[in-house]
Amino acid sequence: MPKTHAFHSPAAHGFVRVAAATPVVHTADPVANADEHIALIEQAGARGVDLIVFPELSLSGYAIDDLLMQGALLDEVERQIERVAEAADAAGLIAVAGAPLRNGDALYNCAVALGSGGVLGVVPKTYLPNYREYYEKRWFAPAASRSEDAIVLGGETVDFAPGLIFEAANRPGFVFAVEICEDFWAPQPPSTRAALAGARILLNLSASNIVIGKAGERALLCASQSARTLSAYVFTASGWGESTTDLAWDGQAIIHELGACLASGERFSMESHLTVADIDVERIGLDRLRNGTFADCARLEGEPATVIPFEAGPGPGPSADLIRPLDRFPFVPDDPARLDQDCYEAFNIQVQGLIRRMKATNGEKIVIGVSGGLDSTQALLVACRAFDRLGLPRTGILGYTMPGFATSEGTRSNAWALMKALGVTGAEIDIRPTATTMLEAIGHPFAKGEPVHDITFENVQAGLRTDYLFRLANQNGAFVLGTGDLSELALGWATYGVGDHMSHYNVNGGVAKTLIRHLIRWVADRELVGADAAPVLRGILDTEISPELVPAQDGKIQSTEATVGPYALNDFFLFYITRFGLKPSKVAWLAHQAWKDAGTGHWPAGTPEDEKIEYDLATIKHWLRKFLVRFFQTSQFKRSALPNGPKVVTGGSLSPRGDWRAPSDATARVWLDELEANVPD
């Protein structure tokens with residue numbers, strides 16, 4: 001298969017397209033119900049669905065009571081299973097339908113897996129509710145009462161047992177298991193053991209009548225089960241058409257992965273419909289790989305399971321878009337309520353971390369360099385809030401602006417305006433004379449009048465600033481508060497040792513650059529450090545990111561992002577590579593899905609219009625290549641010597657004492673080779 005074709009297929013990146021089906025129910029009419037199934041299967045096949053799941057007893061209807069004991073109905077259900085199996089095979093997908101099936105002299109409430117040439121296997125319901133409105137033991141036998149682990153359908157003998165594992169032979173990670181309604185509410189759901197046995201997608205065929213508040217309970221259980229079992233959970237309940245003699249039905253359909261909701265269908269609809277999402281089975285596997293507790297639990301609590309292999313269809317076509325939520329900014333959620341909650345937690349994590357360090361050192365003063373840029377602004381806001389909560393005067397915060405050869409008047413004035421608005425002790429130290437002395441002492445061409453602005457020229461300034469801060473801390477009985485953020489640590493965008501890499505405590509080390517902008521806006525909007533600071537903070541948000549170490553050329557200031565790449569992309573790369581260990585080719589594909597069309601999807605609240613831009617695949621590959629070199633090969637030695645600071649975002653610590661431990665002398669070759677081999681130019 002050509003590289004381009006493979007790259008653009010979601011299936012090539014470990015995604016399985018799943019549909020939770022909500023068919024119109026025809027009470028006690030298996031033929032009409034099969035017609036609804038076949039129509040939805042055909043729709044699903046046209047949409048590239050790999051796996052479709054129907055509600056409980058979907059071929060007969062759930063609320064038909066003693067009609068379940070009628071031989072004519074049960075015979076017709078078995079005949080219609082063959083029709084649905086043929087439709088699933090023709091559509092190139094696997095369908096899981098609900099059916100009442102006889103085995104021996106007992107009737108079972110079953111899930112029937114269909115496709116890949118016929119019936120794959122049958123899973124009987126483990127737990128039968130027999131309380132309040134439920135009387136299932138009147139009609140059905142529980143799975144544990146079976147005398148056979150096989151059943152004959154359509155003349156073929158297939159496996160018949162709870163906990164069957166269905167595994168695609170041609171699609172790594174496409175492994176699913178099934179449970180039925182009440183199984184889900186049990187203290188020990190069968191799906192838990194199925195997950196420990198290797199299932200990455202857990203299906204629930206449910207009838208589940210609706211009462212007030214029950215939809216939220218279902219969603220809670222789906223989210224928690226997918227989070228606890230490190231899996232995807234697909235739930236679909238009976239809807240319109242079920243008998244309303246004593247009950248009502250909402251047809252809730254929801255799909256969760258690792259605790260997050262991927263899709264939620266329309267409730268109370270009177271039409272048959274599908275709820276579709278792409279499940280990342282590769283990511284689930286990688287999460288289990290790095291979670292030792294999951295493996296320990298599987299070893300201690302797991303049981304042998306019957307694995308049924310099947311041939312999966314090709315999945316979505318090579319030009320198919322991803323069907324699932326995909327944040328352009330993984331550290332900054334699109335949802336305003338979630339963003340507000342994240343900002344609240346991030347800011348207070350930073351504040352609490354600093355308070356604890358101050359209490360541990362009996363400190364009442366800190367020293368901080370204030371540049372007028374984003375990072376130092378955020379650290380200063382954290383310091384102010386910490387001092388307020390400790391009941392200390394803000395005058396104990398000693399802020400220093402230290403203009404160098406390229407400091408603009410805009411950032412310098414921002415720094416002063418901010419320090420005055422916050423009521424901290426402000427001062428200014430011009431580092432140019434000392435920097436000139438050092439450049440002269442080492443014989444640098446700049447000291448001789450030549451316009452040489454190399455790395456030495458830059459780091460003399462960065463190093464002096466930090467040197468001044470440490471000595472000022474000594475002089476004032478204070479400690480140095482660091483300002484460098486998580487994104488800069490990932491890229492090695494810090495001057496090692498005596499530069500901005502070092503401090504006594506760094507509150508920003510666990511916060512991504514893309515989140516810091518929103519944190520500052522959040523503090524400003526809530527006036528958490530005083531109303532006077534809000535206008536200054538909004539002005540700082542409009543300032544271009546720059547280290548301001550090299551004088552402007554042709555009116556253009558030194559741009560950080562022109563050197564290391566857009567922080568929007570770098571933070572995207574950082575999240576998926578460190579949090580999940582995804583391959584570079586998959587990260588590139590996901591980034592292209594997220595960023596190829598600025599006109600689609602949501603943007604986090606407060607995103608400036610000029611930042612709502614698009615990135616094509618060539619641009620993404622260019623910056624990802626640079627990220628891989630900087631992250632894996634050239635900057636780990638800086639992270640190996642990080643100062644203390646609190647972890648803030650999930651999977652986002654690069655501390656050698658926390659999430660990320662790596663050798664300082666590694667090479668990026670394996671990641672670069674994978675990128676080049678699998679991502680088209």
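Here, residue 1 is the first one in the sequence, and each next residue gets the next number.
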**Request:** For residues 482-494, pull every pair meeting side-chain hydrogen bond (donor to acceptor under 3.5 Å, both in side chains), keeping only residues two or more places apart or in separate chains.
**Result:**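 Counting only pairs at least two positions apart or across chains, the side-chain hydrogen bond (donor to acceptor under 3.5 Å, both in side chains) contacts touching residues 482-494 are Asp485-Lys513, Ser487-Asp571, Glu488-Lys513.
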
For residues [X] and [Y], determine if any side-chain heavy atom of one lies less than 4.5 Å from a side-chain heavy atom of the other.
| X | Y | result |
| --- | --- | --- |
| Asp542 | Arg538 | no |
| Val649 | Leu486 | yes |
| Pro646 | Gln352 | no |
| Ile545 | Arg517 | yes |
| Val175 | Val281 | no |
| Phe54 | Ile52 | yes |
| Cys343 | Leu339 | yes |
| Leu202 | Thr192 | no |

Within a 6.0 Å radius of atom [atom1] on [X], are there more than 12 heavy atoms belonging to other residues, nucleotides or ligands?
| X | atom1 | answer |
| --- | --- | --- |
| Tyr344 | OH | no |
| Arg267 | CZ | yes |
| Arg526 | CZ | yes |

Excluding sequence neighbours, so at least two apart, what forms side-chain hydrogen bond (donor to acceptor under 3.5 Å, both in side chains) with [X]?
| X | result |
| --- | --- |
| Thr650 | none |
| Thr22 | none |
| Asp278 | Arg17 |

Below 4.0 angstrom, N of the basic side chain to O of the carboxylate: do [X] and [Y] qualify?
| X | Y | value |
| --- | --- | --- |
| Asp342 | Arg338 | yes |
| Arg328 | Asp334 | no |
| Arg218 | Asp250 | yes |

**Asked** Looking at Val49, Ile323, Asp50, Val16, which one forms a side-chain contact (heavy atoms from CB on, under 4.5 Å) with Pro316?
**Response**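 Option passing the side-chain contact (heavy atoms from CB on, under 4.5 Å) with Pro316: Asp50.
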
**Request:** Check Phe632, Phe573, Phe627 against Trp671 for a ring-ring contact (aromatic ring centres under 6.0 Å, His included) and give me the one that passes.
**Result:**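 Answer after filtering Phe632, Phe573, Phe627: Phe632.
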
If we ignore angles and hydrogens, is there a donor and acceptor under 3.5 Å between the side chains of [X] and [Y]?
| X | Y | answer |
| --- | --- | --- |
| Gln636 | Arg639 | yes |
| Thr619 | Asp616 | yes |
| Glu548 | Ser371 | no |
| Gln350 | Gln378 | yes |
| Ser559 | Ser546 | no |
| Gln633 | Thr667 | yes |

**Item:** Test salt bridge (Lys or Arg N to Asp or Glu O under 4.0 Å) applied to Glu282 - qualifying residues, sequence neighbours left out
**Value:**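 Partners of Glu282 by the salt bridge (Lys or Arg N to Asp or Glu O under 4.0 Å) criterion, ordered by chain and then number, come out as Lys583, Lys586.
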
**Prompt:** For Asp597, which residues count as a salt bridge (Lys or Arg N to Asp or Glu O under 4.0 Å) partner, sequence neighbours excluded?
**Reply:**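 Per chain and number, Asp597 pairs via salt bridge (Lys or Arg N to Asp or Glu O under 4.0 Å) with no residue.
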
Applying ring pair (Phe, Tyr, Trp, His ring centres under 6.0 Å), can you list everything that pairs with [X], at least two apart in sequence or on another chain?
| X | result |
| --- | --- |
| Trp623 | none |
| His13 | Phe7, Trp589 |
| Phe310 | Phe174, Phe176 |
| Tyr496 | His501, Phe637 |

**Asked** Out of Ser664, Ser635, Ser655, which one pairs with Ser640 under the side-chain hydrogen bond (donor to acceptor under 3.5 Å, both in side chains) rule?
**Response**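 That would be Ser664; it is the only one of Ser664, Ser635, Ser655 passing the side-chain hydrogen bond (donor to acceptor under 3.5 Å, both in side chains) with Ser640.
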
**Message:** If the condition is side-chain contact (heavy atoms from CB on, under 4.5 Å), which residues does Thr578 pass it with, not counting sequence neighbours?
**Reply:**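 For Thr578 the side-chain contact (heavy atoms from CB on, under 4.5 Å) partners, ignoring immediate neighbours, are Leu574, Phe631, Leu654, Trp660.
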
**Prompt:** In chain order, what residues pass the side-chain contact (heavy atoms from CB on, under 4.5 Å) check against Glu217, with sequence neighbours excluded?
**Reply:**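 Counting only residues at least two positions away or on another chain, Glu217 forms a side-chain contact (heavy atoms from CB on, under 4.5 Å) with Trp185, Lys214, Leu221.
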
**Request:** Please step through side-chain contact (heavy atoms from CB on, under 4.5 Å) for the pair Lys596 and Ile620, ending with a clear verdict.
**Result:** CA-CA 10 Å; Lys596 67 181 179 180; Ile620 290 167; over 6 Å; no

